[in-house]
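By convention in this document, chain letters (A, B, ...) are assigned in the order of the sequence lines, proteins followed by strands, and residues within each chain are numbered from 1. On a predicted model such as this, the values are computed, not experimentally measured, just so you know.
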Protein chains: 2
Amino acid sequence: MSPLPPLFSALGDPTRLAIVERLMTEGELDAGTIQAALPISAPAVSRHLDVLKRAGLVTRRAEKQRRLYAVRPEALTTISQWTMSHREFWDTSLRRLELAIKKDQTP
Amino acid sequence: MSPLPPLFSALGDPTRLAIVERLMTEGELDAGTIQAALPISAPAVSRHLDVLKRAGLVTRRAEKQRRLYAVRPEALTTISQWTMSHREFWDTSLRRLELAIKKDQTP
DNA sequence: CCAATATTTAACAGTCTTGCTAATTAAAGA
DNA sequence: TCTTTAATTAGCAAGACTGTTAAATATTGG
């Protein structure tokens, strides 16, 4: 239901990944608090938050004159499900790799 | 060890995501075979493959005059580990959401 | 050696992205 | 009402991204 490329694209920027990680560990935060920890201007942060919002990664709600942002758990679930849907591939590939290395080291 | 933003950024392009998914289901493929399924020129595909390579998402090896590409399982593991490291957040958030919806529907 | 095949590199155009400062909008509170 | 606080939108510049065609590189196989 949720398209992956916008999610990956949004997380591909280090600033946005940092914002998402902070929101996940600290929970809902307002734009000002998010901005304070970053080395860029408020308008720049506002645009990053808009990108995250349009990708479906965060929600936004108004509280007095503040805008509160929070990560949408469904977005993370979508990514998790994608990796899991390919788990058979990377799990067995990794196992094969480890076996090959072991065989190489102790001949 | 492997940085996430380049991985996410590389997967943020629909063409590259499609390439990675195809390589995961079909295994190692040469550049020409990958290009044949896509609506863009060979040089464009070559550049996408280079982006994937530099992000650490694929390996490349020469076989006669062909270049064979394959997904690095470690890259997928890195992403999986990231989602899992935040699983407590999205798992409990989702559960809370579901409870709130249920409470709303049957008052 | 030469022609064919496979792929990449070069050069270029159009479009996005990201940052900035200045201006605007919205609500709070004296 | 007027000032302060919070955040966004507008407008602009620098640089990155993606696609194209043409040229270059490398390997094969007659």
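Out of D:dA10, C:dT18, C:dG19, the shortest distance to the side chain of A:R16 is found at C:dT18. When the nucleotides D:dA10, C:dT8, D:dG29 are ranked by their closest atom to the side chain of B:K64, D:dG29 comes out on top.
OP1 or OP2 of D:dT20 sits under 4.0 Å from a side-chain N or O of B:S41. Between A:H48 and C:dT17 there is no side-chain polar atom (N or O) within less than 4.0 angstrom of OP1 or OP2. For C:dA6, neither phosphate oxygen OP1 nor OP2 lies less than 4.0 angstrom from any side-chain nitrogen or oxygen of B:Y69. The phosphate of C:dA6 has OP1 or OP2 within less than 4.0 Å of a side-chain N or O from B:R66.
Protein atom CG of B:L68 is 19 Å distant from nucleotide atom P of C:dT5, rounded to whole Å. Protein atom CG of A:D13 is 14 Å distant from nucleotide atom P of D:dA16, rounded to whole Å. One atom, CG of A:D50, and another, P of D:dA10, lie 11 Å apart when rounded to the nearest Å. Between the P atom of D:dA7 and the CD1 atom of A:I19 lies a distance of 13 Å, rounded to the nearest Å. The distance between atom CZ of A:R61 and atom P of C:dA26, rounded to the nearest whole Å, is 20 Å. As a whole-Å value, the separation of A:Q65 CD from D:dA7 P is 8 Å. With rounding to whole Å, B:L49 atom CG is found 16 Å from D:dC17 atom P. We find that CG of A:L29 is positioned 11 Å from P of D:dA7, with the value rounded to whole Å.
Summarising the geometry, atom CD belonging to A:Q35 is positioned 11.5 Å from atom NE2 belonging to A:H48; distances are rounded to the nearest 0.5 Å.
Checked by atom type and distance alone, the side chain of A:T33 never pairs as donor or acceptor with a backbone atom of A:L29 at under 3.5 Å. Remark: the backbone N or O of A:W82 is paired with a side-chain donor or acceptor of A:S85 at under 3.5 angstrom. Side-chain N or O atoms of A:R16 include none that pairs as donor or acceptor with a backbone N or O of A:L11 at under 3.5 Å. With hydrogens and angles disregarded, no donor-acceptor distance shorter than 3.5 Å links the side chain of A:S80 to the backbone of A:L76.
Among the atoms of the strands shown, only primed sugar atoms or phosphate atoms (P, OP1, OP2) are found under 4.0 Å from some heavy atom of A:D30. Counting any heavy atom pair closer than 4.0 Å across all strands shown, B:A44 reaches a base atom.
Of the two residues contacting DNA chain C, namely B:R60 and A:R47, the nearest-nucleotide position lying further toward the 5' end is that of B:R60.
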